[in-house]
Amino acid sequence: MRIRLSVGTILATGLLCMQLSATAYAAEDETASLEALEHQMAQIQEQQKALQKALVGMQKQIAAHRAALGHGGGSATKSVADGSRHHTLTTARNSTGGLGGEHPGLPPESGAGGVGIESADTTTTAMTVPRHIRRHGTGPDAQPVFSGRDDHPDVEAVVGHRAEDMISRIAENSVGPHARETAGAQAAGALGDHGVFHMGPVTLILGGFLDASAVVENRHVPSGTFNYWQDMPYPNESRYHTNNFEGSARYSRISLMARGNVDTHSTISGFFEMDFGAGAATTDAYESNSYAFRMRQAYLAYDNSDLDFHFLAGQAWSMLTPGRIGIVPRQESLPETIESSMLAGQTWARQLQFRFVKDFLQHRLWLGLSIENSATLYDTTGFANADGTVTLPNGKTATISSNGTGLTNNAPFSNEIAPDVIGKVAWDPRWGHYEAVGILHFPHDRVASLGQGHNNTAIAGGGGGSMVLPLVPHTVEMRLAGLAGVGIGRYGSVLLPDATLKADGDVAPIPSIQATGGIIAHPTQRVDVYGFFGYQEAGRRYSNYGGGAYGYGNPNYSNLGCETELSTLGCTANTRSVMEATVGAWYRFFKGHYGTVEAGAQLAYSRRDAWKGQGGGPDTSMSQIFLDFRYLPFQ
């Protein structure tokens with residue numbers, strides 16, 4: 001193979017030199033016509049293109065030959081001079097991950113391959129070029145694209161993406177995409193590099209893991225490793241006074257992507273992600289533990305690297321979710337925690353959306369608009385609520401939701417007049433990733449009496465932002481995020497309410513604020529350490545009518561019985577705020593062609609405070625230890 005490469009290179013170089021000499025001689029010949037000279041120059045350019053393609057093809061053959069012989073694990077670097085330009089060709093056993101690779105600058109063992117040209121197996125040939133050079137995405141069968149001045153190959157490198165990459169290049173912000181082995185990448189939907197199959201022009205990529213997790217806590221909250229903070233008991237409940245252990249494999253996950261090149265500039269892809277997190281009506285915790293298969297994500301995406309345009313349609317992480325690079329699916333900035341509810345105060349949702357994104361300035365400035373499924377989470381404390389039909393103190397009824405019918409599950413579905421509208425701008429300078437977001441939401445109900453009625457629509461929404469600060473690039477980073485507004489509580493992990501009702505049935509959006517901060521470190525290629533703090537708070541919205549108290553956080557509610565076990569006195573205790581502080585670590589103790597095996601441990605402390613009523617404002621807390629073993633066969 002090396003002899004073939006050397007001979008091919010010598011012959012190609014000799015041919016190029018002969019053509020250059022002929023061109024020079026023709027130029028010196030005063031009798032040669034200008035048309036002949038131009039024709040010869042065009043031939044030279046075509047042969048240079050052929051030479052460039054030949055070099056790429058030979059490099060792919062070398063990579064495949066290395067794989068067949070069992071070589072790899074290291075990297076070979078070769079500089080190729082092209083006039084005054086130099087391109088670096090790197091052959092690495094590990095393939096790229098995320099978008100544009102793992103953590104740039106890390107050794108190959110960490111999965112950092114940059115971006116590369118796809119070969120027949122998982123070997124990657126990466127080609128790095130100056131930052132200002134524009135790159136176009138290619139797939140396994142696409143041809144190189146040269147679109148520089150005079151269509152000359154020395155002004156643009158050919159870069160193909162080996163894994164699930166969907167756009168041509170991500171700006172270097174010292175943050176980089178997720179390392180696919182990390183729990184944060186797994187939460188976002190990272191795919192593997194071992195389960196890659198080519199079926200004609202379509203590439204299939206597998207992802208997912210087998211998960212066994214458990215929690216030990218000093219309160220009995222029957223939700224497993226999913227923290228439902230609003231169910232944290234006060235001392236009036238006996239489960240406040242007992243410890244609890246619960247474990248499950250229900251959050252094991254499987255994912256699949258199908259992708260293909262429409263042309264040399266555009267890619268179409270489809271992504272599925274499922275787990276067993278749903279509890280079916282027949283699920284029992286005593287014998288079968290038969291949790292139901294459920295959809296996490298299912299969407300199609302179209303990406304055009306010539307227009308720098310990106311479209312997504314389907315169920316995915318809301319664009320309101322903080323990201324870590326560009327506005328790119330599966331690059332959401334999610335905490336590395338074991339708990340499946342992630343972190344108190346984390347902004348997120350997975351829901352239907354139609355997302356339109358355009359990037360500018362060499363993929364550094366991103367603008368996005370997303371039309372997403374809306375759902376208003378109501379609190380009806382003080383009212384009589386019969387499956388979404390609320391009896392008002394004036395004798396009228398307000399309809400806020402209806403239970404699902406047909407093929408829809410028998411649970412409340414709120415009345416919605418319009419989708420949520422979300423806008424985002426993301427900026428990737430040389431250091432860090434920064435975002436600003438805004439949302440509009442339109443909670444809606446109908447108030448009626450016999451023979452008449454009217455609709456009510458409120459305008460709610462808010463704004464916020466996030467940032468990822470690479471304190472030590474690709475080794476230690478700080479993440480900060482926050483969101484504030486009215487009527488948007490459901491976008492936080494605590495699931496505080498979006499709205500309540502006034503005494504006359506009009507919609508009353510509830511103000512809310514949520515924020516998270518954390519430090520994440522990768523001291524070695526196998527270890528991740530993290531610490532996070534999260535906070536979410538809901539404001540008051542209440543009214544009094546005819547001696548009755550209604551709404552959220554009403555000071556006339558009774559909290560007299562909250563501190564006494566089995567008290568018959570009231571304990572309304574609308575949640576005012578929830579905070580969580582947590583630390584943890586992951587260790588990957590096996591990693592190779594068979595996949596990755598990792599274990600994690602996490603300590604968490606949560607506190608829930610209620611709005612003051614008659615008898616004060618109670619509070620409760622919970623301490624937890626999480627343990628997790630996870631096998632990722634495709635990573």
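In this text the structure is predicted, and so the values were computed from the model without any measurement.
- Ring geometry for Y594 against F590 counts as perpendicular: the plane angle is over 60°, on a 0 to 90° scale with 30° as the lower cut.
- With hydrogens and angles disregarded, no donor-acceptor distance shorter than 3.5 Å links the side chain of S493 to the backbone of A344.
- Geometric assessment of R355 against the ring of F311 yields a negative cation-pi assignment under the 6.0 Å and 45° thresholds.
- For the pair W431 and P470, the minimum side-chain heavy-atom distance is below 4.5 Å.
- Residues Q331 and H178 are in side-chain contact: their nearest non-hydrogen atoms beyond the backbone lie under 4.5 Å apart.
- With sequence neighbours excluded, the residues forming a side chain to side chain contact (heavy atoms under 4.5 Å, CB included) with A599 are F589, F629, listed by chain and number.
- Considering only heavy atoms from C-beta on, K424 comes within 4.5 Å of E435 through its side chain.
- Separation of atoms CD1 (I371) and CZ (F354) is listed at 9.5 Å; rounding is to 0.5 Å.
- In this structure Y530 satisfies the ring pair (Phe, Tyr, Trp, His ring centres under 6.0 Å) test together with F532, sequence neighbours excluded.
- For the atom pair S252 OG and F293 CZ, the distance stands at 11.0 Å (nearest 0.5 Å).
- The distance from the CZ atom of R259 to the CD1 atom of I268 is 11.0 Å, given to the nearest 0.5 Å.
- The side-chain contact (heavy atoms from CB on, under 4.5 Å) test with E477 singles out one residue from V472, I519, V175, and that residue is V175.
- Just one of T267, N304, D303 meets the side-chain hydrogen bond (donor to acceptor under 3.5 Å, both in side chains) condition when paired with H310; it is D303.
- For the residue pair E339 / Q602, a side-chain donor-acceptor distance below 3.5 Å is found, with atom types taken as modelled.
- Using a 4.5 Å heavy-atom threshold, the side chains of F197 and T203 count as separate.
- Counting only distance, with no hydrogens or angles, the side chain of T347 and the backbone of T321 share no donor-acceptor pair below 3.5 Å.
- S266 is not listed as a side-chain neighbour of N261, based on a closest heavy-atom distance of 4.5 Å or more.
- For R250, there are no salt bridge (Lys or Arg N to Asp or Glu O under 4.0 Å) partners at least two apart in sequence or on another chain.
- Side-chain contact between R180 and D193 is present, with heavy atoms from C-beta onward closer than 4.5 Å.
- Here the CD1 atom belonging to I520 is positioned 7.0 Å from the NE2 atom belonging to H522, to the nearest 0.5 angstrom.
- Screening K591, Q635, Q525 for a side-chain hydrogen bond (donor to acceptor under 3.5 Å, both in side chains) involving E181 leaves a single residue, K591.
- Residues passing the ring pair (Phe, Tyr, Trp, His ring centres under 6.0 Å) test with Y434: none are found, sequence neighbours excluded.
- Partners of A481 according to the side chain to side chain contact (heavy atoms under 4.5 Å, CB included) rule, which considers only residues two or more places apart in sequence or in another chain, are P322, S466, T516.
- At least one donor-acceptor pair closer than 3.5 Å links the side chain of R324 to the backbone N or O of G176.
- Side-chain N or O atoms of S370 include none that pairs as donor or acceptor with a backbone N or O of I422 at under 3.5 Å.
- E598 and Q186 share a donor-acceptor pair across their side chains, judged by distance under 3.5 Å alone.
- Remark: the backbone N or O of G534 is not paired with any side-chain donor or acceptor of Q346 at under 3.5 angstrom.
- Note that K358 lies in the cation-pi zone of F360, set by a 6.0 Å cut-off to the ring centre and a 45° limit from the axis.
- Scored by the ring pair (Phe, Tyr, Trp, His ring centres under 6.0 Å) test, Y631 finds no partners at all (sequence neighbours excluded).
- Here W348 pairs with W317 under the ring pair (Phe, Tyr, Trp, His ring centres under 6.0 Å) rule; sequence neighbours left out.
- A donor atom on one side chain and an acceptor atom on the other are found under 3.5 Å apart for Q351 and E372.
- For R630, the salt bridge (Lys or Arg N to Asp or Glu O under 4.0 Å) partners are D211, D628, not counting sequence neighbours.
- Residues passing the salt bridge (Lys or Arg N to Asp or Glu O under 4.0 Å) test with E336, sequence neighbours excluded: R479.
- Within the structure, every pair that satisfies the salt bridge (Lys or Arg N to Asp or Glu O under 4.0 Å) test and touches residues 516-528, not counting sequence neighbours, is listed here: D528-R588.
- The side-chain heavy atoms of F533 and T582, taken from C-beta on, include no pair separated by under 4.5 Å.
- Note that CD1 of I338 is 11.0 Å distant from CD1 of I625, once rounded to the nearest 0.5 Å.
- Inter-residue side-chain proximity for F634 and F209 is flagged as unmet; no heavy-atom pair is nearer than 4.5 Å.
- Sorted pairs that involve residues 324-344 and meet ring pair (Phe, Tyr, Trp, His ring centres under 6.0 Å), not counting sequence neighbours, are lacking altogether.
- Atoms CG and CZ, on L300 and F271 in that order, are 13.0 Å from each other to the nearest 0.5 Å.
- Within the structure, the salt bridge (Lys or Arg N to Asp or Glu O under 4.0 Å) test picks out the following pairs touching residues 266-278 (sequence neighbours left out): R253-E273, E273-R296, D275-R294, D275-R296.
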